[in-house]
Amino acid sequence: MPDINLPLHQGQSTRAARAAGAALFDRAILSRASLDALRKLNPVSLIRNPVIFTTELVSALVTALAIQAALTGKPWEFAAAIAVWLWLTVLFATFAEAVAEGRGRARAASLRRSRTETQAKLLVRHDDRSLWRHRAAAALQVNDVVLVEAGDIIPSDGEIIEGIASVNEAAVTGESAPVIRESGGDRSAVTGGTLVVSDWLVVRITAAPGSTFLDRMIALVEGASRQKTPNEIALDLLLAGMTIIFLIAVASLVGIAAWNGQPPSVTVLAALLITLIPTTIGGLLSAIGIAGMDRLVRFNVLATSGRAVEAAGDVDVLLLDKTGTITLGNRQAAAFIPAPGVAEQELAEAAVLSSLADQTPEGRSILAFARERHGFAVPALTASAREIAFTAQTRISGLDLGGASYRKGAVESLVKAVQAELPPALGQAIERIARQGGTPLAVSKDGRLLGAIELKDIVKPGIRERFAALRRMDIRTVMVTGDNCLTAAAIAAEAGVDDFIAEATPEDKLRYIRAAQAEGRLVAMCGDGTNDAPALAQADVGVAMQTGTQAAREAGNMVDLDSDPTKLIEVVEIGKQMLITRGALTTFSIANDVAKYFAILPAIFVVSYPELQALNVMRLTSPESAILSAVIFNALIIVALVPLALRGVRFTPVGAAALLRRNLLIYGLGGIVAPFLGIKLIDLLLNLLGMY
């Protein structure tokens with residue numbers, strides 16, 4: 001199926017695709033999975049999967065019948081062949097689950113390698129960084145306070161209570177670029193196993209030994225903490241019900257055939273039962289669920305609940321923060337607004353010269369805008385030129401050049417500094433910029449106000465198309481912002497969101513989520529602050545940022561290790577992909593079973609009922625060949641579908657009705673056609689080998 005049209009983050013998609021492709025065919029994973037598949041044959045663990053458990057019981061029965069026939073001198077080859085392929089069917093099913101778990105285990109192994117035995121610097125007195133003693137990281141308790149300096153590994157999860165430092169979180173996120181962590185605000189949480197690159201931090205430990213974020217992450221990616229979702233449980237019940245129905249149907253054939261004096265053998269009935277029950281989806285169901293969580297991990301999103309992954313696929317309301325999610329988060333120059341009697345070219349020249357000493361992102365954006373709009377290049381300064389750097393105290397930057405004085409800065413600060421009067425028309429333009437959520441900067445030359453520069457947060461390129469794609473999937477997008485209604489409405493219209501919440505408080509977010517849930521909707525949101533925690537806990541899918549506070553990470557049921565709020569869109573895509581994969585393979589499996597019924601039943605009973613020859617459209621060689629071909633096909637189709645179960649079915653952002661039609665056409669029709677072709681080819685091969 002064609003790819004979804006949502007543009008992924010290039011680094012994430014490339015990294016995830018490369019990792020997924022490598023892990024799927026990794027020899028070490030496949031070797032380990034082969035051994036694990038044998039261990040999973042234990043009936044005690046296999047009973048969780050009723051379809052495959054039934055297949056194992058039938059395999060044991062046919063094996064016993066083959067051994068009995070061999071010991072009593074009766075023909076045993078047919079029963080032995082059936083037994084071998086029935087056991088392979090069970091083995092292939094457990095192998096699919098083992099491969100899915102192996103991919104998570106490989107990720108967990110890399111995380112374990114990142115965790116080292118660390119000696120922490122436990123502070124004797126919290127207010128004195130010079131008094132500390134060594135303590136093993138594993139012995140740290142909640143509320144212990146430790147000092148972490150440049151070159152030290154953070155010993156455990158905690159909250160920064162003092163200091164600011166650059167931290168390398170590659171051990172957790174896989175990204176080598178250091179990030180800034182500081183006390184206070186929403187970037188005060190640190191994770192054990194990460195490295196302090198510069199400066200120092202005083203950290204209060206928040207995790208008990210063995211329950212750190214890294215410990216929980218290792219357990220989750222290994223699948224140890226994964227519980228079946230309600231959807232999976234319901235599907236298990238459906239498959240168990242179908243197994244019982246087919247068991248009754250096969251048992252009824254005994255009476256029908258006996259009435260004609262030619263009852264089928266137990267081996268034939270056993271083989272017929274296994275080819276008819278939904279072994280395909282039964283063997284792949286666990287692998288699909290595990291692969292869904294693993295796929296999130298490869299996008300650096302950790303799901304703390306299998307239910308969250310499933311819920312992500314059913315989400316129909318997305319709450320997204322404005323700043324840094326929908327917009328770039330950095331104010332950039334958007335317009336030059338000259339005062340009456342001033343040419344825009346003159347204003348642009350003064351803006352460039354007064355911004356040369358401004359090294360802030362806003363200052364650099366003014367130079368870039370002037371270059372693009374008016375072709376201004378950065379001039380070479382003479383030795384006599386005097387640059388005035390921008391500071392947070394003055395909020396002004398400037399340049400004295402050739403006897404002229406150029407200044408740029410916050411309107412109030414500049415008007416006061418140059419002691420000029422603000423022209424009414426320019427004042428109105430500045431007020432309009434402020435009302436629309438922009439930031440006006442005034443520009444002057446020799447004390448005369450030339451005009452203003454409009455700075456505004458730019459909507460991210462392509463975000464409108466992303467929201468349009470979500471709308472085609474029947475997902476409603478809601479922008480959450482602290483801006484006033486006028487600014488929020490302008491950004492919402494430009495970005496193409498369906499709704500917005502302006503001047504949002506934590507209570508407003510919570511109220512909106514509860515109202516949507518009361519209407520039967522599933523809601524997803526992302527956040528990183530303590531004030532986001534109530535909404536994250538209330539949402540069906542709460543994605544907390546790894547850089548956020550401990551409260552936010554504990555409230556959400558997913559953690560984004562890259563701390564990229566826009567990845568919420570990819571989380572929804574992965575959740576939908578998992579549900580679509582499960583639905584597609586269930587459709588294929590059921591269609592497959594129906595086709596096998598009509599493909600082999602006439603060949604089996606054509607001797608008893610010659611009239612069935614008209615339905616034997618494939619002209620299979622013999623009843624024995626028909627049965628063995630069906631059993632072999634039933635086993636091999638599981639192996640053939642393992643890559644699809646692990647990678648997932650691709651999809652386009654269309655509605656549920658269109659998606660259902662497409663699945664029925666591709667997987668329903670494919671499930672009907674595949675058995676006829678596969679069984680016939682295997683029958684021809686058995687005939688060529690002289691077996692039947």
Side-chain angles (χ1 to χ4, degrees), residues 32-70 76-102 223 228 232-233 235-251 264-290 585-586 589-590 592-593 596-597 600 627-642 645:
R32 174 69 181 271
S34 300
L35 296 175
D36 288 345
L38 292 172
R39 296 189 187 99
K40 288 178 178 291
L41 294 178
N42 183 353
V44 176
S45 60
L46 202 61
I47 199 171
R48 295 180 294 109
N49 191 329
V51 176
I52 304 304
F53 178 69
T54 301
T55 306
E56 185 178 45
L57 292 180
V58 173
S59 303
L61 174 62
V62 176
T63 301
L65 292 174
I67 294 173
Q68 182 186 33
W76 56 272
E77 293 83 356
F78 176 70
I82 293 294
V84 168
W85 282 101
L86 289 181
W87 279 114
L88 286 175
T89 302
V90 180
L91 195 61
F92 291 157
T94 57
F95 177 77
E97 183 177 1
V99 169
E101 291 178 351
K228 285 191 175 183
E232 285 180 283
I233 294 172
L235 190 53
D236 273 340
L237 293 174
L238 173 64
L239 298 183
M242 292 181 65
T243 300
I244 294 172
I245 291 172
F246 278 117
L247 180 61
I248 295 172
V250 170
S265 66
V266 176
T267 299
V268 170
L269 292 174
L272 182 61
L273 173 64
I274 299 306
T275 56
L276 295 183
I277 64 176
T279 51
T280 305
I281 186 62
L284 297 173
L285 187 58
S286 295
I288 294 169
I290 295 170
L585 291 182
T586 301
S589 180
I590 294 174
N592 203 38
D593 295 331
K596 282 183 289 186
Y597 185 87
I600 67 173
I627 295 170
L628 184 57
S629 298
V631 171
I632 294 174
F633 174 83
N634 195 61
L636 295 180
I637 196 64
I638 295 177
V639 179
L641 292 175
V642 167

**Student:** Grab the two heavy atoms, one from Thr55 and one from Ser59, that are nearest each other, plus how far apart they are.
**Tutor:** O-OG, 2.7 Å

**Student:** Looking only at non-hydrogen atoms, find the nearest pair between Ala240 and Pro50 and report the distance.
**Tutor:** CB-CG, 4.0 Å

**Student:** Distance from Leu269 atom CG to Ile274 atom CD1, nearest 0.5 Å?
**Tutor:** 11.5 Å

**Student:** Minimum heavy-atom separation for Lys40 and Ser45, please, with both atom names.
**Tutor:** O-OG, 3.7 Å

**Student:** Going by heavy atoms in the side chains, are Phe78 and Val268 under 4.5 Å from each other?
**Tutor:**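 They are in side-chain contact.
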
**Student:** Taking all non-hydrogen atoms of both residues, which atom of Val44 and which atom of Ile47 are closest, and how far apart?
**Tutor:**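 So the two residues come closest at O-CG2, 3.3 Å.
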
**Student:** If you round to the nearest 0.5 Å, how far is CZ of Arg39 from CG of Asp36?
**Tutor:**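 Nearest 0.5 Å value for the CG-CZ distance: 5.0 Å.
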
**Student:** Show the nearest heavy-atom pair for residues Thr267 and Val62, with the distance to one decimal.
**Tutor:** CG2-CG1, 4.1 Å

**Student:** When rounded to the nearest 0.5 angstrom, what is the spacing between CD1 in Ile590 and CG in Leu238?
**Tutor:** 6.0 Å

**Student:** Measure the shortest side-chain to side-chain distance between Leu41 and Leu91 over non-hydrogen atoms and say whether it is less than 4.5 angstrom.
**Tutor:**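 Leu41 vs Leu91: side chains touch.
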
**Student:** Less than 4.5 Å apart, any side-chain heavy atom of Ile632 and any of Leu628?
**Tutor:** yes

**Student:** Taking Thr279 for its side chain and Thr275 for its backbone only, find out whether a donor-acceptor pair lies under 3.5 Å.
**Tutor:** no

**Student:** State which residue, out of Leu585, Thr586, Asp593, fulfils the side-chain contact (heavy atoms from CB on, under 4.5 Å) condition with Ser589.
**Tutor:** Asp593

**Student:** Considering only heavy atoms from C-beta outward, does the side chain of Ile281 approach that of Val51 to under 4.5 Å?
**Tutor:** no

**Student:** What I'd like to find out is whether the side chain of Phe53 reaches to under 4.5 Å of the side chain of Thr243, using heavy atoms alone.
**Tutor:**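 No, side chains not in contact.
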
**Student:** Does the side chain of Ser34 come within less than 4.5 Å of Leu38's, by heavy atoms?
**Tutor:**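 Leu38 vs Ser34: side chains apart.
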
**Student:** Within the side chain of Asn49, is there an N or O that forms a donor-acceptor pair under 3.5 Å with the backbone of Gly282?
**Tutor:** yes

**Student:** Which atom pair, heavy atoms only, marks the closest approach of Ala69 to Trp76?
**Tutor:** CB-CB, 3.9 Å

**Student:** Can you tell me how far apart CD1 (Ile52) and CG (Leu57) are? Round to the nearest 0.5 Å.
**Tutor:**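 Ile52 atom CD1 to Leu57 atom CG measures 11.5 Å (nearest 0.5 Å).
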
**Student:** What I'd like to find out is whether the side chain of Trp85 reaches to under 4.5 Å of the side chain of Leu636, using heavy atoms alone.
**Tutor:** yes

**Student:** Is there side-chain contact between Thr94 and Leu46, with heavy atoms separated by less than 4.5 Å?
**Tutor:**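 With C-beta onward as the side chain, the pair touches.
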
